[in-house]
Number of protein chains: 2
Amino acid sequence: MFIPCGDEPHDDIRMTVNTLHRPTHRDALVHLEAAFEREDMITVFGRCTVDYDGRATSELGPGDRLVVLKPDGSILVHTDEKRTPVNWQPPGCEHTASVRDGRLRVRSTRSNPDERLDVFFERVDQCSTYAVDDRSDLELFGSEEDLRQHILSDPDILETGFEPLETERQSDAGPVDIFGEDADGNPVVVELKRRRVGPAAASQLRRYVDAFHREFGDGETIRGILVAPSVTDRAAELLDREGLEFVALDPETGERPPEANDESGPETEEEEE
Amino acid sequence: MFIPCGDEPHDDIRMTVNTLHRPTHRDALVHLEAAFEREDMITVFGRCTVDYDGRATSELGPGDRLVVLKPDGSILVHTDEKRTPVNWQPPGCEHTASVRDGRLRVRSTRSNPDERLDVFFERVDQCSTYAVDDRSDLELFGSEEDLRQHILSDPDILETGFEPLETERQSDAGPVDIFGEDADGNPVVVELKRRRVGPAAASQLRRYVDAFHREFGDGETIRGILVAPSVTDRAAELLDREGLEFVALDPETGERPPEANDESGPETEEEEE
DNA sequence: AAATTCATGTCGTTT
DNA sequence: AAACGACGTGAATTT
C-alpha cells in the first residue's frame, strides 16, 4: 500500500505524496481512509456523479472531475471550467469513504446547517495524498483597511479640516467605518469601499446617517461621505437625492484616482434644505 | 516523457492521467507546456511562494500547496485550509511556465483588469495532467428563481388576492423581482431572497418602492413586500420604519416555514401616515 | 464593456 | 450561535 509513484526509489525518507493510479475502489478506499487519519490533503481524478442536499439541493450527472479533500473538512469538486467548484462543502465537515453498488462513495456531512455532499465514482483515475507543511500567512495590500489607514494618517486627503474621532463607532445601524467632524464641527459619517460603488453602498451610508439622526435628533446637520475609487451613475444619483457626498480615493495609494467618475469635480452645487 | 504512473501497463489505449513524481523543474516545465497545448486539467503539489498584483496586491511566503490549472485559463492555489483558494486567477487568463533562478515559475496573466499571478516552486512533489470529459450541467434547486416560480404558480401563498403582473419589471432603481396588485388594486413591489434577510435587503426593497413613487407620483399607495425564509431583528425594525412588509416563505417548498421569525403574526398593526 | 444582483456565496469579527 | 459586512468576491444577465 502507498507505494510511491515512479520507476526508481527516491532518497527521501519521508514521502510527502502517495499516489495510486487507476486503483480499484477498494484500494482507493483504504488509501483515502489512511489519508483522513494522517490529515493529508487529497486529490481524486475520476468519473463521478455528485449529489448535494443542504441549504439548497443539486444533482450533477456523470463527468470527469477533480475532487479535493482538505484536512480542515472542506471538499471541492472541480470541473474543467470556472474558478468556483461545481459542488463543495465548507471547512468543518466530516469526510467518509465507502464502496457501494460497485462505486466509491466519498461523503461529506455537517450540521448547522444540516448538509450532505456525496460524490460517487464509477472510475478513479488517480488518487493522491499529500502531507502539507504551510505556516505562511497571506499578506494582502489594497484592502478597505488600507484605505482607512491612509485617511487616518492624513485626514486632509478626504477633505481639508476633516478630523477623525472614532473608527468602528457603534450606531443603531451597526458600526461606522470612520466617524468624525468637518472643519465647521459638523458630525461626518464616512463609509469606505475598496472598489467602484453601486447603489447598495449608498443605501448603507444612508442607514448609518439615519441612525445618527435618530441618535442626535433632527436639529443636527449630519454629513455622510462615501469614499471609493469611483461610483456608478445610478449610485451617484441616489447619493445626490439622499443628500450624501462622494469622494474618490484609491485604496492602494490613498490618492485621488487619475480621472475617475468621482462626480465631485467642478459642479459641487448642493441643495440646502 | 509522460510515462503513466504505475508498475504495470494498463489495457487502456488513451491514458487520461499523466503524472510526474518529484520531477526536475525542466521536466515539469515540458509536462506543463504539453498539457497547456492539450487543454488538460493540471494539478501541481509542491513547495512554493506566490506573488499577486492586480485589483489588489499580495505576497505569500513558502509552503506546501496544491495548484490547479484549468483549460479555461483559471488557476487556483490551495493551502490545507479553507474552501477559498489563498490565491487565484479567474477564467480567461493566459498560463505560461518557465524556469528562473532554479525555480519553476507558473505565471497567469490577464487584462481588464490587468492582473498577474506568479507561483514560484522551489520543489515540485508531483505534477499531474488530466484529460477531462464533462458534459453534464449542474441542476440546482432552492434558488431565488424557484421561490419566484412558487409564487407565480400560486400567488395566494404570498397574500390572498395578490395578482402578479410582471417579473423583472424595470424601474428607475433596476428590475423588480415581481410587480403586481393586491386585492384592493394597490401596486405591490415584491423582493425575493432565498435565505434569511438583513438590512441590505430591506434597503434594496426601499429603493424599488421609492422608484415607483417617483414614477407614479406621491398620490399612489405602493406596497413593498420582502419575501424570505426569515428576517433579522434589525432588518425587521428597518422594514417597520420604512412602512414595508415581510412574508416568510421557504424557497424550496414555497410554503410558510415551520416557525420562523416572520414578524407577520398576530400583531399586524401598521402606522398610517 | 459596464452595471446590477444572486450566491449552497465564503470569511472574519463582534455581540 | 447569530448578525453583520467585506471580499482581489465569482458568475449570470441585461444594457
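What you see below is based on every heavy atom in this structure, not just the backbone, and it leaves out hydrogens, waters and symmetry mates. Letters A, B, ... mirror the listed sequences (proteins, then strands); counts begin at 1.
Counting only heavy atoms from C-beta on, B:D177 has its side chain closest to C:dC6 among C:dT15, D:dG5, C:dC6. In this structure, the nucleotide among C:dA2, D:dA6, D:dG5 sitting nearest to the side chain of B:N112 is C:dA2. When distances run from any side-chain atom of B:R234 to the nucleotides D:dT9, D:dC4, C:dT15, the shortest one goes to D:dC4. Minimum atom distance to the side chain of B:R194 is reached by C:dT8, of the listed C:dC6, C:dT8, D:dG5.
Within 6.0 Å of CD on A:E166 lie more than 12 heavy atoms contributed by other residues, nucleotides or ligands.
One atom, CD of B:Q170, and another, C1' of D:dT13, lie 11 Å apart when rounded to the nearest Å. In this structure, A:D172 places its CG atom 16 Å from P of D:dA3, rounding to the nearest Å. For the pair B:E144 CD and C:dA7 P, the computed distance is 5 Å after rounding to whole Å. Taking atom CG of B:D114 as the reference point, atom P of C:dA1 lies 12 Å away to the nearest angstrom. Atom-to-atom, CG of B:L192 to P of C:dC6 comes out at 9 Å; the value is rounded to the nearest Å. For A:K193 and D:dC4, the NZ to C1' distance is 11 Å, given to the nearest whole Å. The separation between B:R110 atom CZ and D:dG8 atom P is 13 Å, rounded to whole Å. Taking atom CG of A:D250 as the reference point, atom C1' of D:dG8 lies 13 Å away to the nearest angstrom.
The CE atom of B:M41 sits 7.0 Å away from atom OG1 of A:T79, with the distance rounded to the nearest 0.5 Å. Within the model, atoms CG of A:L238 and CG of A:L244 stand 7.5 Å from one another, a figure rounded to the nearest 0.5 Å.
Using P as the reference atom, D:dC4 and D:dG8 are 23 Å apart when rounded to the nearest Å. Comparing C:dT4 with C:dT8, their P atoms are spaced 23 Å from each other, to the whole Å. Separating the P atom of D:dC7 from that of C:dA7 is a span of 22 Å, rounded to the nearest Å. Here, D:dA11 and C:dC11 have their P atoms 15 Å apart, quoted to the whole Å.
Within residues 66-80 of chain B, no residue has a heavy atom under 4.0 Å from DNA chain C. Taken residue by residue, residues 82-95 of chain B places heavy atoms nearer than 4.0 Å to DNA chain C at B:K82, B:R83, B:T84.
Between the side chains of B:Y52 and B:E115, at least one donor-acceptor pair of N or O atoms lies under 3.5 Å. In this structure, a donor-acceptor pair under 3.5 Å is absent between the side chains of A:D177 and A:T167. Counted by atom type alone, B:E252 and A:T57 present one or more donor-acceptor pairs between their side chains at under 3.5 Å. The closest side-chain donor-acceptor pair between B:T96 and B:R107, if any, does not fall under 3.5 angstrom.
In this structure the side chain of A:D134 reaches within 4.5 angstrom of the side chain of A:S136, judged on heavy atoms. The side-chain heavy atoms of B:L226 and B:L239, taken from C-beta on, include a pair separated by under 4.5 Å.
Using a 4.0 Å cut-off, some side-chain N or O of A:R196 falls inside it from OP1 or OP2 of C:dA3. Distances shown here put every side-chain N or O of A:Y208 at or beyond 4.0 Å from the OP1 or OP2 atom of D:dC4. For D:dA6, neither phosphate oxygen OP1 nor OP2 lies less than 4.0 angstrom from any side-chain nitrogen or oxygen of A:R195. Taking side-chain N and O atoms only, B:S143 has no distance below 4.0 Å to OP1 or OP2 of C:dC6.
Note on A:E115: a base of the nucleic acid sits closer than 4.0 angstrom, heavy atoms only. Residue-level contact check: A:A201 touches neither bases nor backbone, having no heavy atom under 4.0 Å from any strand. Across all strands, B:A235 comes closer than 4.0 Å to no nucleic acid atom at all (heavy-atom distances). At the heavy-atom level, A:E191 lies under 4.0 Å from the strands shown only through sugar-phosphate atoms. Note on B:L140: a base of the nucleic acid sits closer than 4.0 angstrom, heavy atoms only.
The base of D:dG5 is not paired with the side chain of A:Q204 by any donor and acceptor separated by under 3.5 Å.
Geometrically, B:R103 does not engage B:F121 in a cation-pi contact defined by less than 6.0 Å to the ring centre and at most 45° from the axis.
Comparing B:E168 and A:A173 against DNA chain D, the residue whose closest nucleotide sits nearer the 5' end is A:A173. Both B:G142 and A:P199 lie close to DNA chain C; mapped to their nearest nucleotides by heavy-atom distance, the more 5′-ward contact belongs to A:P199. Of the two residues near DNA chain D, A:E145 and B:V197, the one whose nearest nucleotide lies more 5' is B:V197.
A ring-centre distance under 6.0 Å is found for A:F212 and A:F179.
Taking a cutoff of 4.0 Å between a charged side-chain nitrogen and a carboxylate oxygen, A:R169 and A:E215 qualify as a salt bridge.
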